[in-house]
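In the text below, chain A, chain B and the rest are named by the order of the sequence lines, each starting its count at 1.
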Amino acid sequence: MNEETKHWADVIAENVLARGKKHTVASGITPSGAIHIGNMREVVTADAVYRALRDKGADVRLIYIADTFDPLRKVYPFLPKVYENHVGKPLSEIPCPCGSHKSYAEHFLVPFIEALHSLGIKPDVYRADELYRQGRYVEAIKIALIKRDAIARIISEVAGRELEPDWNPFNPICNECGRLSTTKVTGFDIEKETIDYACACGSQGTVSMRGGGKLTWRVDWPARWPIFGTTVEPFGKDHATAGGSYDTGKRISKEIYDYDPPYPIVYEWIMLKGRGAMHSSTGLAISISEMLEIVPPEVLRYLIIRQKPEKHIEFDPGLALLNLVDEYDRVEGDRRAYQLSQTEASRPTDIPFRHMVTTVQIADEKGFDYLLTVLRRSGYEISDIEAIRQRADNARNWLLRYAPPSVKFRVQETLPPQVKSLTKEQKHALAIIADELEQGMTGQEIHENIYKVAQEAGLDGKKVFEAVYLALLGLKSGPRAGHFLASLDRDFVVRRFKEASE
RNA sequence: GGGCUGGUAGCUUAGUCAGGCAGAGCGUCGGACUCUUAAUCCGACGGCCGUGGGUUCGAAUCCCUCCCAGCCCGCCA
């Protein structure tokens with residue numbers, strides 16, 4: 001990317017500003033399962049546009065609407081069987097899987113909102129069940145009931161399918177069984193603000209327009225636009241398809257609610273490298289908290305913000321993650337994306353993640369203070385202890401869970417069999433180093449002398465390093481030799497090098 | 001079946017709206033640095049811009065065909 005390229009968030013902000021100065025950027029996710037980094041794209045995208053608008057002086061706010069009033073669709077694999085009884089009930093009315101939250105919806109929503117805060121995203125949060133109970137939807141519900149036929153016509157025209165003759169934009173919650181997926185509207189009273197229904201469970205009843213049920217998704221979505229004055233909204237490509245819910249929503253918004261639909265931002269899925277799209281139900285997903293264990297929040301933002309929303313993101317938590325973090329740190333990519341990725345808690349560091357991964361493996365066993373020492377010796381700034389601690393934690397977790405074997409190393413307890421491949425000259429070089437160490441030369445000094453040793457042994461430097469690593473790690477390469485040697489027990493190294501040189 | 005989005009260097013991609021010499025980062029290779037390979041700096045290699053056609057003086061860009069990937073057409077970002 002070059003400097004002339006405008007960042008997508010700025011392009012959108014400019015387009016949107018041409019329509020007016022006051023804006024609401026909306027986002028929303030159904031908290032039906034653990035919210036993963038794929039879901040995160042919605043909110044991060046919204047936040048990027050929100051910030052771009054704010055930077056351009058717009059009067060803008062960011063909202064997040066949690067669809068807590070949606071029914072539970074099925075018993076997901078991560079749920080116990082007893083949840084069969086709750087299928088069809090609103091998420092806000094189902095018990096919490098762990099027992100410590102107010103409801104099923106809160107169980108997934110609360111950690112998600114916490115994660116948002118750590119990403120520096122602070123939307124005004126609304127819960128659909130509360131909005132309905134507070135009566136925020138009453139006007140929209142009345143209009144939808146009265147204009148039922150017109151809405152049905154729009155949906156069948158745009159979506160190209162016939163609706164059931166008894167289709168209704170409102171789903172009442174059954175007073176008996178608590179489900180909203182099994183009820184049919186049989187009548188309504190605009191004055192009393194009530195709706196009559198019959199339920200598949202055999203009961204009939206009357207509910208209030210304030211919390212007694214909800215609008216069906218295709219109507220709920222456009223209904224909420226005027227309620228919040230939404231002018232910009234990102235949504236997944238599932239909603240964006242021709243005849244999909246944005247298409248119907250657009251017309252319902254204009255023709256039924258007399259409101260200009262928001263500026264659409266269609267975003268693609270985040271795929272797990274080589275495994276397909278993320279889905280919490282299939283277990284093929286990385287949760288936000290898992291992600292934040294291995295990278296700082298700014299990097300998670302950067303992952304999403306550097307890419308245009310309509311491109312899918314191939315996320316590779318393996319070796320490629322190192323590149324992502326280092327690219328972010330060096331601001332090698334898109335400067336504007338970097339800027340938009342900042343959080344208040346951002347702590348820039350000059351220590352490459354790659355280097356931290358190495359350092360942790362050398363120094364961790366001797367404690368955090370030693371890690372700092374090693375870093376300082378390598379010439380890095382260590383005044384921000386907290387930032388270093390965070391990065392070290394990230395590196396450690398990454399090594400544990402996602403690192404490919406090629407970046408891992410361990411000092412071998414016994415002489416690695418690979419030393420058999422050492423040449424006579426290499427053995428000689430190791431003997432010289434062992435000798436120097438024994439006479440008190442530190443690893444640091446060895447480090448400065450390495451080429452002299454090579455010359456003495458009649459080798460080029462490369463071969464000497466190779467010998468050092470083979471003797472200690474059983475590998476052909478490793479962390480910077482001098483400091484590495486200095487970090488190990490001197491007697492141990494001497495013994496090992498002598499052993500290897502025999 | 002119908003539709004949406006994407007397909008540009010080994011990898012990640014910018015440029016496509018408004019046609020004007022195809023750019024960057026990573027990786028690779030080579031070199032420099034008398035503190036190195038996972039450190040720094042410099043340089044090079046690397047592209048029928050998915051395919052085939054059309055429009056045009058000129059196409060990655062516009063139009064049509066087909067192929068590939070993912071998704072939607074039942075409320076799974």
Side-chain angles (χ1 to χ4, degrees), chain A residues 1-8 11 15 27-30 32-33 35-45 67 70-71 73-74 76 158-161 171 181 214 216-221 234-247 266-271 273 276-282 285 306-314 316 319-320 322-324 326-327 330-334 352 354-359 361 377-380 406-407 409 444-452 454-455 461-462 464-466 468-469 475-484:
Chain A
M1 235 185 258
N2 58 45
E3 286 161 341
E4 300 131 48
T5 306
K6 251 186 227 163
H7 191 269
W8 58 262
V11 173
N15 290 342
S27 60
I29 295 171
T30 308
S32 57
I35 297 173
H36 53 76
I37 61 174
N39 305 119
M40 202 61 165
R41 190 167 196 179
E42 165 131 354
V43 195
V44 172
T45 301
D67 289 307
D70 281 17
R73 294 203 191 290
K74 60 175 181 183
Y76 297 104
V158 176
R161 66 183 156 104
N171 295 127
S181 55
K214 74 179 290 287
T216 189
W217 165 247
R218 286 201 185 234
V219 183
D220 183 303
W221 197 23
F235 46 90
K237 61 171 174 176
D238 51 339
H239 295 309
T241 191
S245 53
Y246 184 71
D247 268 6
V266 178
Y267 61 90
E268 253 283 359
W269 313 120
I270 296 182
M271 327 281 287
K273 178 86 174 177
M278 286 197 196
H279 272 290
S280 46
S281 59
T282 56
R306 69 175 176 152
Q307 203 106 110
K308 289 193 296 190
E310 64 269 25
K311 284 255 194 187
H312 79 244
I313 293 174
E314 192 91 11
D316 181 356
L319 198 57
L322 293 182
N323 290 333
L324 178 70
D326 285 346
E327 179 184 316
R330 297 178 188 178
V331 201
E332 262 169 1
D334 182 337
R354 201 176 286 278
H355 187 250
M356 187 61 95
V357 164
T358 299
T359 311
Q361 294 183 88
R377 263 194 327 226
S378 318
Y380 290 106
S406 62
V407 299
F409 61 84
Q444 172 68 32
E445 288 163 327
I446 295 289
H447 169 129
E448 281 156 14
N449 269 307
I450 207 91
Y451 283 105
K452 216 155 57 185
Q455 222 169 12
K462 197 175 167 126
V464 179
F465 288 113
E466 213 177 278
V468 167
Y469 297 125
L475 300 170
K476 282 197 167 183
S477 60
R480 300 208 208 176
H483 292 147
F484 179 47

Return the nearest nucleotide to the side chain of Arg354(A); candidates are C71(B), A38(B), U12(B).
-> A38(B)

Would you mind telling me which of C75(B), A38(B), A14(B) lies closest to the side-chain atoms of Thr216(A)?
-> C75(B)

Quick one: label Arg73(A) by what it contacts on the DNA or RNA (base, sugar-phosphate, nothing), any heavy atom closer than 4.0 Å.
-> base

Just jot down the side-chain contact (heavy atoms from CB on, under 4.5 Å) partners of Asn171(A), sequence neighbours excluded, or say none.
-> Leu180(A), Thr216(A)

Can you name the residues that form a side-chain contact (heavy atoms from CB on, under 4.5 Å) with Val158(A), not counting sequence neighbours?
-> Ile154(A), Asp247(A), Thr248(A), Arg251(A)

What pattern of brackets, bars and dots sums up RNA chain B from 5' to 3', given Watson-Crick or G-U wobble pairs under 3.5 Å, [ ] for crossing pairs and | for another strand?
-> (((((((..((((......[..)))).(((((.......))))).....(.(((..]....))).))))))))....

Those residues that, when tested against His312(A), pass side-chain contact (heavy atoms from CB on, under 4.5 Å) (two or more places apart) = Glu268(A), Met271(A), Glu314(A)

Base, sugar-phosphate, or nothing: which does Asp220(A) touch, judged by heavy atoms less than 4.0 Å apart?
-> nothing

Output a table of nitrogen or oxygen pairs between the protein and nucleotides 2-6 of chain B separated by less than 3.5 Å.
from: G3(B); atom 1: N2; to: Thr241(A); atom 2: OG1; distance (Å): 3.3
from: U5(B); atom 1: O2'; to: Glu310(A); atom 2: O; distance (Å): 3.2
from: G6(B); atom 1: O3'; to: Lys311(A); atom 2: NZ; distance (Å): 3.4

Those residues that, when tested against Asp238(A), pass side-chain contact (heavy atoms from CB on, under 4.5 Å) (two or more places apart) | Trp269(A)

If you look at every strand shown and take non-hydrogen atoms under 4.0 Å, does Ser245(A) touch a base, only sugar-phosphate, or nothing?
-> nothing

Nearest-nucleotide wise, let me know which of Ile29(A) and Gly244(A) is further upstream toward the 5' end of RNA chain B.
-> Gly244(A)

With sequence neighbours left out, the residues meeting salt bridge (Lys or Arg N to Asp or Glu O under 4.0 Å) with Asp220(A) are Lys214(A), Arg224(A)

Closest to the Gln307(A) side chain, choosing from U13(B), C73(B), G15(B) = U13(B)

Write down the distance separating the C1' atoms in G53(B) and U13(B), rounded off to the nearest Å.
-> 29 Å

Any residue meeting side-chain hydrogen bond (donor to acceptor under 3.5 Å, both in side chains) with Trp221(A), in chain and number order, not counting sequence neighbours = Glu233(A)

Give one of base, sugar-phosphate or nothing for Asn171(A), where a contact means two heavy atoms less than 4.0 Å apart.
-> base

Taking side chain as C-beta onward, heavy atoms only, is Val266(A) less than 4.5 Å from Glu310(A)?
-> no

Residues passing the side-chain hydrogen bond (donor to acceptor under 3.5 Å, both in side chains) test with Ser245(A), sequence neighbours excluded, are Trp217(A), His239(A)

